[in-house]
Participant: 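After the structure tokens below, expect a handful of questions from me.
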Amino acid sequence: MKYSTPRGTRDILPDESHALRWIQSKIAELLTLNNYQEIQTPIFESADLFQRAVGETTDIVEKEMYIFQDKGDRTMALRPEGTASVVRAFLQHNAIFQKRKVTKLFYQGPMFRYERPQTGRYRQFHQMGVEAIGSVSPYLDVETMMMGVDIFQKLGLQDVSLAVNSVGCEVCRPVIRERLKQFVESILSQLCEDCQSRFDRNPLRILDCKNPTCQTYFTGLPDIQSALCHDCSDHFLSVMTLLDEHHVPHTIDAHLVRGLDYYTKTVFEIRSNVLGAQNAICGGGRYDNLIAEMGGRKTPAFGYAIGMDRLYMVLKEIQAYLPTQPVSRFVLIGMGSKAKEKAFQTTLLLRQKGIQAEFMFKEGSVNDGLKEALAQGATFAVILGEQELEQDFYTVKHLKEKRQFTVKTVEELLVL
RNA sequence: GUGGAUGUAGCUCAGUUGGUUAGAGCUCCGGUUUGUGGUACCGGAGGUCGGGGGUUCGAAUCCCCUCGUCCACCCCA
């Protein structure tokens, strides 16, 4: 094959495409119930928007962005995530959004990251995400996470787990970071290469190391929660209490640290165990400083994104209900030029009445026509030949029941 | 970016210690059958053996490089 999809990209073929649209519309319904409105932002933006929002030292910015110069010599980037753009839009259209205390927006579309492809991980992948901007209330954290869990349950995916953690704020995070570094410093040479590089770049990530030899050195490692400031600690406690009160099953994952710099306080993931290592189908959290950092007034917010490719794979795997493509109700077969013309007219008429129908283009026998009708999954084949033309009727065959009969008019076809 | 597996027809896969024109099943197309379908029978199409280089009288087979796919790490959705 001379051409194929670029590495890490894929064609979404009709069956999946149809199912994905349906999934999107189901999710959008639920988001609307929660008062979210859709926003569409550009697929590429100024590269420094993402560098600033996501963080200079994150993997996404350091090595995964698709960056290019446009003809005006601007440095642009294909968006690696959605939050930065939504926040940018929120600030840019301040006049529209400032009327409300809380602005709830959702988006959907492709994101791009230059990574090594794997199951459930692509260079172009599809996310559907939400951003609720304007409240510090733990109720917002809980409402939003519950909505996430609800989405999966409504789609028939019961078996998910909600993992929650707090990463602190600008006050306590530096403290946590320092304590961790102090503890780790003495044993640093014993740890794996990844941990050694994390030490400078993102020490919190050391907590998350899966290397068993590293883990043996970690007894007594300070955990994040014990180091949270009052405000963060209270907030975390409130979120936990609310989740309990509303009977939302969840686990506290002290190792859950996100790779985007803008998160503060609550972070969470929703996981499914059917995809192997790529178990996160939804992830996000609170970002109370990002909007101020990007030049706005200090405005707290909470958001997350769902990985649509992964979600589809999971739903497919557990054999959840997914709609199949609608098929033609009728296939019109005309033999000879006159009958063909009448078949064509009938096809158009059926479609005008809102009935899915297909015209048999090929010159051929009834045989070919029936085969075609069958291949299309049609319910009825309508046969027009010399006899039908002379005596002005339609021969109709119910393909599954192998039942054949005649009708006089198109109206009779409509009510079949 | 690191490590491992893998690549033969549209699909699933055979292919011996290196040996002539690389096979099978399914799919597809044609015919038996220009007025009745999924079956049956007959016939046919389809492959630079992922690509490039090397070893050899001779390479799908051995060696090197490269590209793609899959899995794990990293990271994330």
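So that the names make sense, note that chain A is the first sequence line, chain B the second, and so on, each numbered from 1.
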Participant: Roughly, in whole Å, what's the span from OH in A:Y122 to C1' in B:G68?
Facilitator: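 Between C1' of B:G68 and OH of A:Y122: 15 Å.
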
Participant: A:E115 near the nucleic acid: base, sugar-phosphate alone, or nothing, with a heavy-atom cut-off under 4.0 Å?
Facilitator: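 Base: the residue A:E115, judged by heavy atoms under 4.0 Å, touches a nucleobase.
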
Participant: With a 3.5 Å cut-off and no angle check, do the side chains of A:T264 and A:E170 form a donor-acceptor pair?
Facilitator: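 The criterion, which ignores hydrogens and geometry beyond distance, is not satisfied for A:E170 and A:T264.
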
Participant: Closest to the A:V366 side chain: B:C74, B:U36, B:G37?
Facilitator: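 Out of B:C74, B:U36, B:G37, the nucleotide with an atom closest to A:V366's side chain is B:U36.
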
Participant: What about A:E388, does its side chain sit under 3.5 Å from the base of B:G35 through a donor-acceptor pair?
Facilitator: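 Side chain to base: pair present.
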
Participant: For A:E64 and A:D368, take the nucleotide of RNA chain B holding the closest heavy atom to each; which residue's nucleotide lies nearer the 5' end?
Facilitator: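 By nearest-heavy-atom nucleotide position, the 5'-most residue is A:D368.
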
Participant: Grab the CG-P distance between A:D59 and B:U2 for me, whole Å please.
Facilitator: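 Going from A:D59 (CG) to B:U2 (P), I get 15 Å.
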
Participant: If you check every side-chain atom of A:R116, which of B:G3, B:C74, B:A77 has the closest atom?
Facilitator: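 Side chain of A:R116 sits closest to B:G3.
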
Participant: Contact class for A:L260 vs. all strands (heavy atom < 4.0 Å): base, sugar-phosphate, or nothing?
Facilitator: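 Answer is sugar-phosphate: A:L260 comes under 4.0 Å of backbone atoms only.
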
Participant: Please work out if A:G385 contacts a base, only the sugar-phosphate, or nothing of the nucleic acid, heavy-atom cut-off 4.0 Å.
Facilitator: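 Base, at least one base atom sits under 4.0 Å.
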
Participant: Are A:T409 and A:E412 close enough that a side-chain donor and a side-chain acceptor fall under 3.5 Å?
Facilitator: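 Judged by distance alone, the side chains do pair up.
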
Participant: For A:R113, which contact category applies under a 4.0 Å heavy-atom criterion: base, sugar-phosphate, or nothing?
Facilitator: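 If one applies the 4.0 Å heavy-atom cut-off, A:R113 turns out to touch a base.
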
Participant: Can you work out whether A:L374 or A:T9 has the more 5'-proximal nearest nucleotide on RNA chain B?
Facilitator: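 Result of the comparison: A:L374.
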
Participant: So what does A:N367 hit on the nucleic acid, given a heavy-atom distance under 4.0 Å: a base, only sugar-phosphate, or nothing?
Facilitator: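 Base, at least one base atom sits under 4.0 Å.
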
Participant: Answer with base, sugar-phosphate or nothing: what part of the nucleic acid does A:Q387 contact at a heavy-atom distance below 4.0 Å?
Facilitator: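 It contacts base atoms.
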
Participant: In the strands shown, is B:U34 matched to any nucleotide by a Watson-Crick or G-U wobble pair with both distances under 3.5 Å, and which?
Facilitator: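 Pairing partner: none.
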
Participant: Does the base of B:C74 carry an N or O that pairs as donor and acceptor with the side chain of A:R121 under 3.5 Å?
Facilitator: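 Flag set: donor-acceptor pair detected.
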
Participant: For A:Q118 and B:A72, is the shortest distance between a side-chain N/O and OP1 or OP2 below 4.0 Å?
Facilitator: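 Affirmative; the distance criterion is met.
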
Participant: Any salt bridge linking A:R123 with A:E115? Criterion: basic side-chain nitrogen under 4.0 Å from a carboxylate oxygen.
Facilitator: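 Result for this pair is no, no salt bridge flagged.
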
Participant: Using the C1' atom as the point on both nucleotides, what is the distance between B:G4 and B:U8, in whole Å?
Facilitator: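 Roughly 23 Å separates the two C1' atoms.
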
Participant: Using the C1' atom on both, measure B:C74 against B:G15 and round to a whole Å.
Facilitator: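 The same atom, C1', in both gives a distance of 40 Å.
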
Participant: With a 3.5 Å limit on both atom pairs, tell me what B:C74 is paired to, counting Watson-Crick and G-U wobble, or say none.
Facilitator: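 Checking every strand shown, B:C74 finds no partner, since no pair has both distances under 3.5 Å.
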
Participant: Could you state the NZ-P distance from A:K397 to B:G38, rounded to the nearest angstrom?
Facilitator: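 The answer, rounded to whole Å, is 10 Å.
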
Participant: Would you mind pulling out the nucleotide paired to B:A9, Watson-Crick or G-U wobble, both distances under 3.5 Å?
Facilitator: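 Paired with no nucleotide.
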
Participant: Under 4.0 Å between any heavy atoms, over every strand shown, what does A:Y304 touch: base, sugar-phosphate, or nothing? Just pick one.
Facilitator: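 Counting heavy atoms under 4.0 Å across all strands, no contact is made by A:Y304.
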
Participant: Please measure how far the C1' atom in B:U6 lies from the corresponding atom in B:U66, and state the result in whole Å.
Facilitator: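 One C1' to the other, the span is 15 Å.
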
Participant: In terms of the angle between their ring planes, are A:F268 and A:F302 parallel, tilted or perpendicular, with boundaries placed at 30° and 60°?
Facilitator: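 Correct class here is parallel.
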
Participant: In whole Å, I'd like the distance from the CZ atom of A:R79 to the C1' atom of B:A77.
Facilitator: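 After rounding, the reported distance stands at 13 Å.
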
Participant: Counting side-chain heavy atoms from C-beta on, which of B:U36, B:U34, B:A77 comes nearest to A:S365?
Facilitator: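 So the nucleotide nearest the side chain must be B:U34.
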
Participant: With a 4.0 Å cut-off on heavy atoms, is A:G8 in touch with a base, just the backbone sugar-phosphate, or nothing at all?
Facilitator: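 Contact class for A:G8: sugar-phosphate only.
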
Participant: Once you apply a heavy-atom cut-off of 4.0 Å, does A:L311 come out as touching a base, just sugar-phosphate, or nothing?
Facilitator: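 Contact class for A:L311: none.
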
Participant: Salt bridge or not between A:E269 and A:R258? Use side-chain N to carboxylate O under 4.0 Å.
Facilitator: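 Salt bridge present between A:E269 and A:R258.
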
Participant: Considering every strand and a 4.0 Å limit on heavy-atom distances, what is the contact class for A:G284: base, sugar-phosphate, or nothing?
Facilitator: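 Nothing, no nucleic acid heavy atom in range.
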
Participant: Does any donor-acceptor pair link the side chain of A:R7 with the base of B:U69 at a separation under 3.5 Å?
Facilitator: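 No, no donor-acceptor pair under 3.5 Å.
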
Participant: Which one, B:U36, B:A77, B:C73, comes nearest to the side chain of A:A277?
Facilitator: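 Out of B:U36, B:A77, B:C73, the nucleotide with an atom closest to A:A277's side chain is B:C73.
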
Participant: With P as the reference atom in both, quote the distance from B:G1 to B:A45 in angstrom, rounded to an integer.
Facilitator: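 That atom pair is separated by 45 Å.
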
Participant: Are A:E45 and A:S85 linked by a side-chain donor-acceptor pair shorter than 3.5 Å?
Facilitator: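 Looking only at side-chain atoms, A:S85 and A:E45 do form a donor-acceptor pair, the distance falling under 3.5 Å.
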
Participant: Looking at A:R258, I'd like to know whether one of its side-chain N or O atoms comes within less than 4.0 Å of OP1 or OP2 on B:A77.
Facilitator: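 Yes.
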
Participant: Quick one: label A:E81 by what it contacts on the DNA or RNA (base, sugar-phosphate, nothing), any heavy atom closer than 4.0 Å.
Facilitator: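 Since no nucleic acid heavy atom lies under 4.0 Å of A:E81, the category is nothing.
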
Participant: Tell me the partner of B:G43, counting only Watson-Crick (N1-N3 plus N6-O4 or O6-N4) or G-U wobble (N1-O2 and O6-N3) with both under 3.5 Å; none if nothing fits.
Facilitator: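 Its partner is B:C29.
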
Participant: Using the C1' atom in both, what is the distance from B:C49 to B:A9, to the nearest Å?
Facilitator: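 Pairwise C1' distance, B:C49 against B:A9, rounds to 10 Å.
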
Participant: Just checking, is any N or O donor in the side chain of A:T266 or A:D141 under 3.5 Å from an acceptor N or O on the other one?
Facilitator: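 Indeed, the side chains of A:T266 and A:D141 share at least one donor-acceptor pair under 3.5 Å.
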
Participant: Both distances under 3.5 Å, Watson-Crick or G-U wobble: report the partner of B:A59, or none.
Facilitator: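 Paired with no nucleotide.
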
Participant: Less than 3.5 Å apart, any donor N or O on the side chain of A:Y107 or A:T41 sitting next to an acceptor on the other?
Facilitator: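 The answer is no; no qualifying pair exists.
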
Participant: Expressed in whole Å, how much space separates the P atoms belonging to B:G38 and B:U32?
Facilitator: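 My reading of the P atoms in B:G38 and B:U32 gives 15 Å.
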
